[in-house]
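The figures here come from the full heavy-atom set of this structure, side chains too, leaving out hydrogens, waters and symmetry mates. The model shown is predicted, which means the values in this text are computed figures rather than measured ones.
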Amino acid sequence: MKRSKKWIYMLFAALLSANILLLSGCGKEEGGAPEAGGQYESLEALAEDIPAESEAEQEESGSGDRIMRAYSEEERERMEALKQSYDSEEVYPEDLILEVDSAEEVTEGVLCYIRSTGEYYLPDRDLTDEELLQIIDYNFRIALGANQKTKEEYDAEDRAERAMLEEKVQAAGGISEEEAIEIGRKAMADDMGERGEGLELLMHDADKGWNTDLCVADWSEIREKDRGEIAYFMSFSCEIREGMDLEDISSYHCTVSALDGHILEAYEFMPGEHWDEPVYYEH
């Protein structure tokens, strides 16, 4: 289901920003000598409920003959600052990280990502800003299942598509994003009642200033008569706190026509065992 999958990725990004899931956190130390003159850091597995659509869905390393080194405190401080600049589109890596198929292909002293184990090889030296940016960029691409695109390319395409759709909406005399959000809020109140109290809008692309996904409604759950319509897709969620499980998170999702404001689709995910099975509402 296209929209619920998009919600999963948005939720994943929110969990990352809240430091609940850390793709670039410290590794676990295990006994044994480092191979190839360096050390490895495991890429922490994506939550099992998140569809990966990429090489991120790989078996855990589990090898006992490597040391999974943590970043140094100085590297962590630089990475945090660089990630903020990366997220705000101020800086990007000059090159993509080197990818190799196995540990046997690692070159001593050269940062790389090992596809077969889902690990980074970290050289026995301080990582440069460029290398830290390459890791940040690769984590971003893994989270989106878009390993073959850099964030810079992804952002450029996203902005161009958004601008094109905004021009079409304006030319057709459509509604604004703010008006669509108010329609979505009212629908949530009508559909969920007290369950919707406390749910807040989850920004679709906070770094770009977008609160919704302006898109073409062409996924299978949209009624035939509404497919192909330009629409605002929005998500409302409960507060995401450290230590929460996906099963504890409630959310409401609404797709509103950008042309006349009618609701194309509305559904919620309820906390509990079947949290990923949407409940749809007629409008």
Side-chain angles (χ1 to χ4, degrees), residues 1-21 47-51 162 165 169 173-283:
M1 188 173 81
K2 181 174 179 180
R3 288 299 102 176
S4 63
K5 181 173 288 188
K6 177 176 274 295
W7 154 245
I8 294 298
Y9 285 124
M10 290 170 64
L11 174 59
F12 182 74
L15 293 174
L16 278 176
S17 66
N19 292 323
I20 297 174
L21 289 175
E48 290 180 358
D49 296 311
I50 298 177
R162 177 91 177 198
L165 293 176
V169 172
I175 66 173
S176 67
E177 182 180 66
E178 291 74 17
E179 291 172 312
I181 291 171
E182 286 308 307
I183 293 171
R185 288 189 191 279
K186 184 178 185 306
M188 179 174 65
D190 293 341
D191 292 337
M192 295 183 67
E194 291 184 359
R195 290 196 314 281
E197 295 179 4
L199 298 190
E200 297 295 337
L201 184 67
L202 181 64
M203 292 187 71
H204 173 72
D205 265 307
D207 58 319
K208 300 181 181 69
W210 302 337
N211 290 292
T212 68
D213 179 15
L214 183 59
C215 55
V216 176
D218 59 359
W219 50 98
S220 59
E221 288 74 22
I222 292 291
R223 293 168 295 196
E224 188 67 35
K225 67 183 183 68
D226 290 324
R227 288 183 192 165
E229 186 147 352
I230 301 175
Y232 296 99
F233 170 76
M234 66 197 75
S235 296
F236 300 87
S237 172
C238 62
E239 181 184 359
I240 299 175
R241 302 181 305 276
E242 186 171 355
M244 289 186 73
D245 293 326
L246 295 176
E247 293 84 352
D248 297 331
I249 299 175
S250 59
S251 62
Y252 180 84
H253 312 268
C254 189
T255 305
V256 177
S257 168
L259 302 183
D260 60 16
H262 80 276
I263 296 176
L264 281 63
E265 178 188 61
Y267 57 93
E268 72 168 295
F269 288 114
M270 297 183 180
E273 182 179 356
H274 303 291
W275 73 273
D276 58 344
E277 298 177 6
V279 176
Y280 284 88
Y281 295 100
E282 290 293 331
H283 283 272

A.B. asks: Are the charged groups of Glu177 and Arg162 less than 4.0 angstrom apart, N to O?
C.D. replies: yes
A.B. asks: Distance check, rounded to the nearest 0.5 Å: Asp260 atom CG versus Ile183 atom CD1?
C.D. replies: 8.5 Å
A.B. asks: Output yes when a side-chain donor or acceptor of Glu268 lies under 3.5 Å from a complementary backbone atom of Ser250, and no otherwise.
C.D. replies: no
A.B. asks: Under the criterion ring-ring contact (aromatic ring centres under 6.0 Å, His included), which of Phe269, Phe236, Tyr232 is the partner of His253?
C.D. replies: Phe269
A.B. asks: Atom CG of Asp226 and atom CD1 of Ile263: how far apart are they, to the nearest 0.5 Å?
C.D. replies: 11.0 Å
A.B. asks: Is any side-chain heavy atom of Leu199 closer than 4.5 Å to one of Glu239?
C.D. replies: no
A.B. asks: How long is the gap from CD1 on Ile230 to CG on Leu165, to the nearest 0.5 Å?
C.D. replies: 5.0 Å
A.B. asks: In terms of ring plane angle, is the pair Trp219 and Phe233 parallel, tilted or perpendicular, where the classes change at 30° and 60°?
C.D. replies: perpendicular
A.B. asks: Please lay out, stage by stage, how Arg227 and Glu265 fare under the test salt bridge (charged side-chain N to carboxylate O under 4.0 Å, His left out).
C.D. replies: CA-CA 11 Å; Arg227 288 183 192 165; Glu265 178 188 61; over 6 Å; no
A.B. asks: Which heavy-atom pair separates Ile175 from Gly261 by the least distance, and what is that distance?
C.D. replies: CD1-CA, 3.8 Å
A.B. asks: Considering only heavy atoms from C-beta outward, does the side chain of Glu229 approach that of His262 to under 4.5 Å?
C.D. replies: yes
A.B. asks: Using a 4.5 Å cut-off on heavy atoms from C-beta on, say whether the side chain of Ile181 contacts that of Asn211.
C.D. replies: yes
A.B. asks: Would you confirm whether Glu179, through its side chain, and Ser176, through its main-chain N or O, come within 3.5 Å as a donor-acceptor pair?
C.D. replies: yes
A.B. asks: Of the non-hydrogen atoms in Arg185 and Leu201, which two are nearest, and what is the gap between them?
C.D. replies: NH2-CB, 4.1 Å
A.B. asks: Do you know which two heavy atoms are closest between Tyr252 and Ala266, and how far apart they sit?
C.D. replies: OH-CB, 3.3 Å
A.B. asks: Using every non-hydrogen atom in the two residues, find where Ala180 and Val256 come nearest and quote the distance to one decimal.
C.D. replies: O-CG2, 4.0 Å
A.B. asks: Distance check, rounded to the nearest 0.5 Å: Asp191 atom CG versus Cys254 atom SG?
C.D. replies: 8.0 Å
A.B. asks: Look up atom CE in Met188 and atom OG in Ser251, then write down how far apart they are to the nearest 0.5 Å.
C.D. replies: 10.5 Å
A.B. asks: How many angstroms lie between CE in Met234 and CG in Leu202, if you round to the nearest 0.5 Å?
C.D. replies: 12.5 Å
